[in-house]
Amino acid sequence: MKFFIDTASLDQIKEAKDLGILDGVTTNPSLMAKEGISGQENILNHYVKITEIVDGDVSAEVISTDYEGIVKEGRALAQLAPNIVVKVPMIKDGIKAIRTFTDEGIKTNCTLVFSPGQSILAAKAGASYLSPFIGRVDDITWDGMQLIEDIAEIYAIQGYETEILAASIRSPLHIVNAAKSGADIVTCPLKAILGLLKHPLTDIGLEKFLADHKNANS
Ligand code: G3P
């Protein structure tokens, strides 16, 4: 399973990259706004900065919701760098645009996916990545991880090549369960990735090793 970081923070992207486990980045308009990035030129420049940090794919989301607008915006985003993936919402015009991008060889990430039916449409349109939002499904007391399992089963049966990118990940447990459920990729906040490191027995064991070494060598 690949690890993407879900942020527009250059510092967090660099920290995840330095860990040696980073395969890509996803952003969205909310995450860009959180970093205070606004204005078309600043937004485009920020995407370029991200692509200069990471070798893997970087999802840059369109704002338009009509076919012509999505295609125009997506083509411009795709020209920023070879590793830009155009992130397109799961709406009717979005699916049409994904088909156009697919035919033009532009990689896409179909976002705001909440049902197996939507996952089939995105795969049929040729989306490179599919982003089911686990945490937001859990938020309304449905089972986000069941959604990943259902999509993974459908994609395996049908031989769809679209990669399942589990998104709206909120915790280390989400990451572990996404891995068990058949996600190809998880995109997570840095905090959730670093949370995977934690185990009290690791801390206790390390403390004891270091204490024993110190006693034996003093
Ligand atoms: O990748 C989508 C993600 O950014 C949404 O996460 O926590 O806002 O539901 P969240």
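If you read the sequence from its start, that first residue is 1, and numbering goes on from there. We count ligands from 1, going down the list as the structure has it; atoms in each ligand are counted the same way.
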Donor-acceptor contact present, side-chain Ser59 to main-chain Lys87, <3.5 Å = no
query = Do Ile120 and Leu112 belong together in a cluster built from hydrophobic side chains that touch within less than 4.5 Å?
reply = yes
query = Does a side-chain N-to-carboxylate-O contact under 4.0 Å join Glu163 and Lys2?
reply = yes
message = Between Lys92 and Asp66 (salt bridge meaning N to carboxylate O under 4.0 Å), is one present in this structure?
response = no
May I have the N/O to N/O pairs between ligand 1 and the protein that fall below 3.5 Å, each with atom names and distance to one decimal?
{"from": "ligand 1", "atom 1": "1 (O)", "to": "Asp6", "atom 2": "OD1", "distance (Å)": "3.3"}
{"from": "ligand 1", "atom 1": "1 (O)", "to": "Asp6", "atom 2": "OD2", "distance (Å)": "3.0"}
{"from": "ligand 1", "atom 1": "4 (O)", "to": "Asp6", "atom 2": "OD2", "distance (Å)": "2.5"}
{"from": "ligand 1", "atom 1": "4 (O)", "to": "Asn28", "atom 2": "ND2", "distance (Å)": "3.0"}
{"from": "ligand 1", "atom 1": "7 (O)", "to": "Arg170", "atom 2": "NE", "distance (Å)": "2.8"}
{"from": "ligand 1", "atom 1": "8 (O)", "to": "Arg136", "atom 2": "NH2", "distance (Å)": "2.8"}
{"from": "ligand 1", "atom 1": "9 (O)", "to": "Arg136", "atom 2": "NE", "distance (Å)": "2.6"}
{"from": "ligand 1", "atom 1": "9 (O)", "to": "Ser168", "atom 2": "OG", "distance (Å)": "2.7"}
{"from": "ligand 1", "atom 1": "9 (O)", "to": "Arg170", "atom 2": "NH2", "distance (Å)": "3.0"}

task = Could I get the full list of side-chain contact (heavy atoms from CB on, under 4.5 Å) partners for Ala76, not counting sequence neighbours?
result = none
key: Evaluation steps, salt bridge (charged side-chain N to carboxylate O under 4.0 Å, His left out), between Lys14 and Asp18   = CA-CA 6 Å; Lys14 282 179 197 152; Asp18 286 348; over 6 Å; no
